Amino acid sequence: MPSINAHCFLLPPLPSPVVAQDKFSETTIKSANFSQIPQWVSLKCSFPSVKTHQIQQGQVENVHLISLSKQGKLKQVHEFLKLMDEAGVSVSPHSYKSIFETCAKLGSLSDGRSIHDRLRRTVKDPIGFLENCVLRMYCDCGSLVDAQNVFDEMLDRNLVTWDIIVSAYAEKGVLDKAIGLFTISRIKPSHSIYISLLRSLTGFSLLELGKQLHSHVIRNGLASNVSVDTAIANMYVKCGWLEGAELVFNQMTEKNAVVWTGLMVGYTQAGKLEDALELFTKMVKEGVQMDEFVFSIILKVCGGVEDLTMGRQIHGYSVKLGLDSDVSVGTPLVDFYVKCGSFESACLAFERISEPNDVSWSCVISGYCQVGEFEESVKIFKLLKRKVVVLNSFIYTSIFQACAVLADLNLGAQVHADAIKTGLVSYLYGETAMISMYSRCGRSDYAYQVFKSLENPDTVAWTAIICGYAYHGNAIEALSLFNRMQDCGVRPNAVTFIGVLTACSHSGLVTEGKKYLESMRGKYGVEPTVDHYDCMVDIYSRAGLLQEAFELIKCMPFEPDAMSWKSLLGGCWTHRNLELGKIAAENLLQLDPDDTASYIVMYNLYASHGIWEEAAHFRWMMAERNLRKDISYSWITVKGKMHSFVAGNRHHPQTEQIYSKLEEFTSSSDNAENALLTEEDVSCGLSERKEQLPDHSERLAIAFGLIFTSRHTQILVFKNLRACKDCHDFAKRASLVTGREIVVRDSNRFHHFKLGKCSCNDYW
DNA sequence: TTAGGGTTAG
């Protein structure tokens with residue numbers, strides 16, 4: 001053990017062992033009048049050693065008392081104690097022991113205190129064994145203040161006493177106190193006291209102390225004990241010294257599943273997934289008895305490396321051992337299959353779990369989110385709520401995510417309130433998901449309120465709020481938050497820069513965007529990726545600097561990906577550049593032939609130049625590949641009910657009113673009508689289009705909002721695809737004519753229309 | 001003494 005000092009720096013010298021003194025003495029027990037025992041109680045209890053002929057005076061009452069206590073019937077215990085008092089029957093030390101154990105088990109501090117008071121009143125000189133019981137009860141009930149008082153008053157502290165108090169402080173994380181008491185104890189420490197102390201050490205800063213404890217263990221002759229060595233190896237894992245853990249592990253002549261698991265956890269946390277897999281293989285070869293913990297960690301490893309074959313083999317192994325239906329194996333199995341993209345297998349694995357718990361459900365819910373089935377995850381959540389199943393904060397975090405994607409503000413706000421009531425808002429994780437949820441549901445103000453409530457927002461939380469403002473096209477706020485983030489000493493990461501560059505992109509801030517991209521590595525220590533260059537391509541493209549965008553694609557230090565060309569292509573459409581559009585589309589078609597964007601944009605570009613033959617070629621290519629444009633639809637929530645619209649849809653009960661409202665706008669602006677006809681839509685020809693334009697889904701939703709919401713409220717409409725220019729103009733006009741604030745979220749960003757202007761400055 | 005699930009993105 002080269003790096004472990006054999007000297008002890010802070011810890012106490014080794015004392016001679018103290019033998020626990022048992023002051024148990026004969027207790028005089030009177031017999032109660034049996035008629036005083038209520039008829040409804042049972043004298044049956046599981047004490048095979050107590051036979052009828054052995055029953056002495058008062059023993060039956062104490063046996064009954066213990067029986068009540070073992071059943072957790074503390075109320076009846078109190079009542080029966082009263083009866084025993086009235087009958088003058090003494091309570092035996094074993095009865096007290098049992099009652100204190102029950103109070104500890106149920107965590108009932110008040111009952112524990114009351115019984116402790118009784119003991120003080122009735123027994124003048126309680127034996128040490130009982131004092132230890134009281135001490136343990138207070139520790140288990142979480143009251144270290146009471147425990148310390150009892151400890152201070154104790155005259156005879158034995159090995160057990162020190163063990164209880166030191167372990168309690170260690171487990172509560174009051175390490176200074178635990179070590180302090182351990183130092184002054186002058187006892188020969190037991191295995192368990194070392195295990196408790198070692199267990200409480202986590203983090204690199206405690207590594208030195210851990211080494212000292214290790215040294216202490218060796219000097220005490222307790223090394224080579226499998227439990228203690230396991231605790232030492234796991235301590236080194238938790239303190240981040242994997243080599244130390246390996247040294248201990250390799251020296252152990254006898255190893256249990258716990259130490260194997262611990263080391264595998266260490267490898268996993270350090271990202272050494274291959275090492276974890278190798279260790280597992282070794283474990284199998286050595287014929288180590290497997291338990292559910294081994295499977296849970298190794299399945300996590302398989303999910304991490306996305307090794308479906310290996311995971312399936314391990315799954316099979318767990319089936320052979322009959323462990324797959326165990327919740328601790330079945331749950332990580334579900335997660336493993338989700339991570340490997342095999343959702344069907346995940347569902348099958350879930351069905352095998354005999355008693356799924358909240359973690360199992362959270363895996364299923366997040367699984368549905370990962371495969372994009374957000375409605376399904378919400379459905380399960382609602383089902384669990386109805387069934388009064390125990391939920392956890394992980395589930396709420398996933399549901400916030402689902403509400404964000406579904407843009408369901410109504411549900412999101414309800415779930416938020418529910419999470420507060422149940423106390424299941426996860427620190428930072430849940431809160432950050434809520435920031436994103438409110439932003440994506442159109443409520444930057446609520447998102448900011450959540451952000452403001454965070455005491456110490458981390459990088460991810462800052463990123464969420466920055467991205468939120470960027471999504472709404474509010475570059476000033478997004479960039480100001482980016483500056484504030486640095487003032488607070490929080491370092492940005494790669495995603496933060498995506499948010500910053502997006503903000504620049506949505507507001508036409510070309511110079512700023514360039515400055516941020518160039519300073520990423522030098523000033524912020526964040527390595528730019530192709531994603532960041534794609535953002536810059538987007539900034540140039542939207543601003544009409546198409547040649548610059550093209551040059552950047554050619555000279556950037558990465559192979560351009562589909563997004564690089566897609567961004568350029570988008571700019572080529574906005575700025576009607578056919579030549580560069582052709583290059584962009586050609587490259588995009590090579591990288592992602594199934595992306596409909598290239599076909600649609602090229603059709604539009606050619607059509608806008610009147611080159612119909614070429615345009616038709618792209619429609620033909622799309623048909624040839626059996627590619628269809630997604631059906632466009634929009635939705636609006638009014639009085640908690642969602643109303644969705646598809647272009648030309650006349651099935652809504654209020655269709656007549658909606659169409660007459662649309663006519664109000666179309667008939668009042670002929671010029672605008674003419675402008676609408678200049679755009680082309682791939683889903684229909686020019687002549688068809690003239691008829692269809694007024695029916696675009698977002699217009700139906702806006703018209704519905706104008707009719708059925710009160711005059712002073714904002715109209716919030718969501719669209720699954722990007723809004724077309726005609727509809728963008730329509731919304732501007734509607735906001736001017738009606739004086740209403742209209743907010744439209746398309747697949748790209750938020751548009752806030754007010755008095756004829758849009759927050760995007762027509763820059764979308 | 002050991003394990004499994006959740007946050008930010010164009």
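Quick caveat, the model's predicted, so the values are computed rather than measured. Order of the sequence lines sets the chain letters (A, B, ...), proteins ahead of strands, with each chain counted from 1.
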(request) Kindly say whether, by distance alone, the side chain of A:Thr502 makes a donor-acceptor pair under 3.5 Å with the base of B:dG10? (result)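 Not at all, since no donor on one side and acceptor on the other fall under 3.5 Å apart.
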Ignoring the backbone of [X], work out which of [options] is nearest its side chain.
X        : options              : result
A:Arg440 : B:dG4, B:dT2, B:dA9  : B:dA9
A:Asp531 : B:dT2, B:dG10, B:dG4 : B:dG10
A:Asp538 : B:dT8, B:dG10, B:dG4 : B:dG10

* To do: With sequence neighbours left out, write down each residue that passes ring-ring contact (aromatic ring centres under 6.0 Å, His included) with A:Tyr446, or none if nothing qualifies.
  =>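 Scan of A:Tyr446 (ring-ring contact (aromatic ring centres under 6.0 Å, His included), adjacent residues dropped) gives A:Tyr438.
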**Asked** How would you list, by chain and number, every residue that makes a ring-ring contact (aromatic ring centres under 6.0 Å, His included) with A:Phe451, sequence neighbours excluded?
**Response**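 ring-ring contact (aromatic ring centres under 6.0 Å, His included) list for A:Phe451, sorted by chain: A:Trp462.
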Salt bridge or not for A:Lys515 and A:Glu512, using N-O below 4.0 Å?
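No, this pair does not count.
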Just jot down the side-chain contact (heavy atoms from CB on, under 4.5 Å) partners of [X], sequence neighbours excluded, or say none.
X        : result
A:Ala178 : A:Val166, A:Tyr169, A:Ala170, A:Leu197
A:Ile420 : A:His416, A:Val425
A:Phe394 : A:Ser362, A:Asn392

Any side-chain N or O of A:Arg542 below 4.0 angstrom from OP1/OP2 of B:dG10?
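For A:Arg542, the contact criterion (side-chain N or O under 4.0 Å from OP1 or OP2 of B:dG10) is not met.
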Measuring to OP1 and OP2 of B:dG10, would you say a side-chain N or O of A:Lys566 lies under 4.0 angstrom away?
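False: A:Lys566 side-chain N/O out of range (4.0 Å or more) of B:dG10 OP1/OP2.
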key: Nucleic acid contacts - residues 448-467 of chain A versus DNA chain B, non-hydrogen atoms under 4.0 Å   =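 DNA chain B contact set from residues 448-467 of chain A: A:Val460, A:Thr463, A:Ala464, A:Cys467.
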